[in-house]
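Numbered from 1 within each chain, the chains take letters A, B, ... in sequence-line order.
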2 protein chains.
Amino acid sequence: MPYDPSAFPPFAVTVDLVVLTVRRHALCALAVRRGESPFQGRWALPGGFVRADEDLSQAAARELAEETGLRAHDPDAPAQEGGAHLEQLATYGDPKRDPRMRVVSVAHLALAPDLPAPRAGGDASNARWAPVGELLAQGGYGRDGEPVAPLAFDHAQILSDGVERARSKIEYSSLATAFCPPEFTVGELRRVYEAVWGVALDPRNFHRKVTGTPGFLVPTGGTTTRQGGRPAQLFRAGGATLLNPPMLRPEV
Amino acid sequence: MPYDPSAFPPFAVTVDLVVLTVRRHALCALAVRRGESPFQGRWALPGGFVRADEDLSQAAARELAEETGLRAHDPDAPAQEGGAHLEQLATYGDPKRDPRMRVVSVAHLALAPDLPAPRAGGDASNARWAPVGELLAQGGYGRDGEPVAPLAFDHAQILSDGVERARSKIEYSSLATAFCPPEFTVGELRRVYEAVWGVALDPRNFHRKVTGTPGFLVPTGGTTTRQGGRPAQLFRAGGATLLNPPMLRPEV
DNA sequence: ATCATAGTCGTCTGCCTGACGATAAACACT
DNA sequence: AGTGTTTATCGTCAGGCAGACGACTATGAT
């Protein structure tokens, strides 16, 4: 068929972000309150339109910086200090997902260390870190007992897919270090796994596994007692991005 | 920000397909010859525009049916007879990936049993199954010695991502059965793994692994000698879609 | 001093994998 | 009929890794 501009319908293309972090032993996602219709006043994932001259990953990195101030890393690079892991998640294009027009959203997944309070256009009340269980509890009640409305659009599905991606990916990669500060202890890394998977892991077996995998953790020489108890060695993420054999997620 | 149609640029959205199959002990992908500019005469992945009222997966299933006659399965369902596995792969949106205009392509991955000759608008010379190594050999030479031009657009990257997805996914899922006919032998399934991974596997250990995993294979009671040698039991894919512990891919 | 907390090193047992021997059942020759 | 070839299937054995858990260490809190 010849090139004919009228042969295809125009779409709007957006990026939506699933930004995950671990706070107070819980897996949390960044949510912003919608200020406009549709779904006005409801919580949603941060996101926005892709600009005319922008690549998808550029648009995602820009949105991430606008919402959190974080700089994004290359997805293939190991976790480094002061930035977030960012990767494409999936694309959502149901014709009815946005009642205004035909919008295709390329969702991205970002993993960040614990951050100070989020900002959304400088207005803190319009952005928050919320435990993913709370955001996904359809028609349930939040931590403080207030009723929680479901996320706007198909964002519950997107968030759910993002959480599942994170849960499975830390099994066989060093991605869990993206939730940690530049230097961290084995115990802090273990608590990341426990929060993301929602299980308890044996500290001794976990210690053996992560320290026994060559290239996964590099000791920095320092120690810390910020968790209480005996001082723990500090590590940074090593060059190994793949964990083989993988960390086994306990049965449900 | 208020709703303003001028606030976002229009995009064209397409689906491109990485259709993989195993033929003659080699992993092959479906390629179609472009009849128009740009990249006229070059090989490309099949694909087309998403229609105005179509979901992305619908568009991918439609394109798959148009190019191969295959019906697509639900990605979450186990492999069934007479259809192909179809799942979303990734989305490619570099501003310069199509010189004509801004096109975002949502690539999908399809896995199919060995098929009769492909058809592309009824013209067999414009569609073929080609070994993926041949399609990805940049500036190399094909099986018959003719020079091979790289795939059009960024399709080499898309194909490469699709092959990598297939290679990793058969490790921990029953997806390899999607390459097999409805009833198959353990040996045929092993040859799928060998073709996709490009390695040789021990027949005895492979047999122990797949028959020892509950719910993975269900014997049908029949036997066949279509591979020569001693008759082999016939199986169909069981309900288990996840392989735990995974099939280990030998070191490179 | 004693306790609570967290980190780190070992041990043991069972399961799974890789390597590989042995047998079985078909077909193709001679 | 016998012999070789091919493929399927069952068994055995050693090594590695994970789960369960004991023991000890080094901090801060009471």
Are the aromatic ring centres of A:Phe184 and A:Phe235 under 6.0 angstrom apart? no
Per nearest nucleotide of DNA chain C, the residue lying toward the 5' end, B:Leu248 or B:Thr225, is B:Leu248
Residues 191-201 of chain B vs salt bridge (charged side-chain N to carboxylate O under 4.0 Å, His left out), sequence neighbours excluded, gives B:Arg190-B:Glu194
Atom-to-atom span, CG of A:Leu217 to C1' of C:dT8 - whole angstrom: 14 Å
I'd like to know if the side chain of A:Thr21 and the backbone of A:Pro113 have a donor-acceptor N/O pair within less than 3.5 Å. yes
When rounded to whole Å, the CG to P distance for the pair A:Leu234 and D:dA26 reads 17 Å
May I ask you to decide if B:Asp161's main-chain N or O and B:Glu164's side chain share a donor-acceptor pair within less than 3.5 Å? no
Below 3.5 Å is the cut-off: list the nitrogen or oxygen pairs between protein and nucleotides 1-7 of chain C, distance only.
unit_1 : atom_1 : unit_2   : atom_2 : d
C:dG7  : OP1    : A:Arg191 : NH2    : 3.4
C:dG7  : OP2    : A:Arg190 : NH2    : 3.1
C:dG7  : N2     : A:Arg230 : NH1    : 2.7
C:dG7  : N3     : A:Arg230 : NH1    : 3.2

Between D:dG16 atom P and A:Lys209 atom NZ, what is the distance in whole Å? 15 Å
Can you tell whether the side chains of B:Glu134 and B:Arg128 come within less than 4.0 Å, N to carboxylate O? yes
So does A:Pro231 get a backbone contact from the side chain of A:Thr223, meaning a donor-acceptor N/O pair under 3.5 Å? no
Donor + acceptor pair across side chains of B:Tyr92, B:Asp16 (<3.5 Å): no
Roughly, in whole Å, what's the span from CG in A:Asp202 to P in C:dG10? 16 Å
Calculate the interatomic distance between A:Asn205 atom CG and C:dC12 atom P; express it in whole Å. 15 Å
Distances for protein N/O vs nucleotides 1-4 of chain D N/O pairs under 3.5 angstrom?
none

Among the nucleotides C:dC16, C:dA26, D:dA18, which one has an atom lying closest to any side-chain atom of B:Pro245? C:dC16
Is there side-chain contact between B:Glu171 and B:Tyr193, with at least one heavy-atom pair below 4.5 Å? no
Nearest whole Å is fine: how far is C:dC9 C1' from A:Phe206 CZ? 17 Å
If you measure only the distance, is there a donor-acceptor pair under 3.5 Å linking the side chains of B:Glu87 and B:His85? yes
Using the side-chain heavy atoms of A:Arg204, tell me which of these nucleotides is nearest: D:dG19, D:dC13, D:dA23. D:dA23
Nucleotide D:dT12, atom P - distance to CZ of B:Arg208 in whole Å: 12 Å
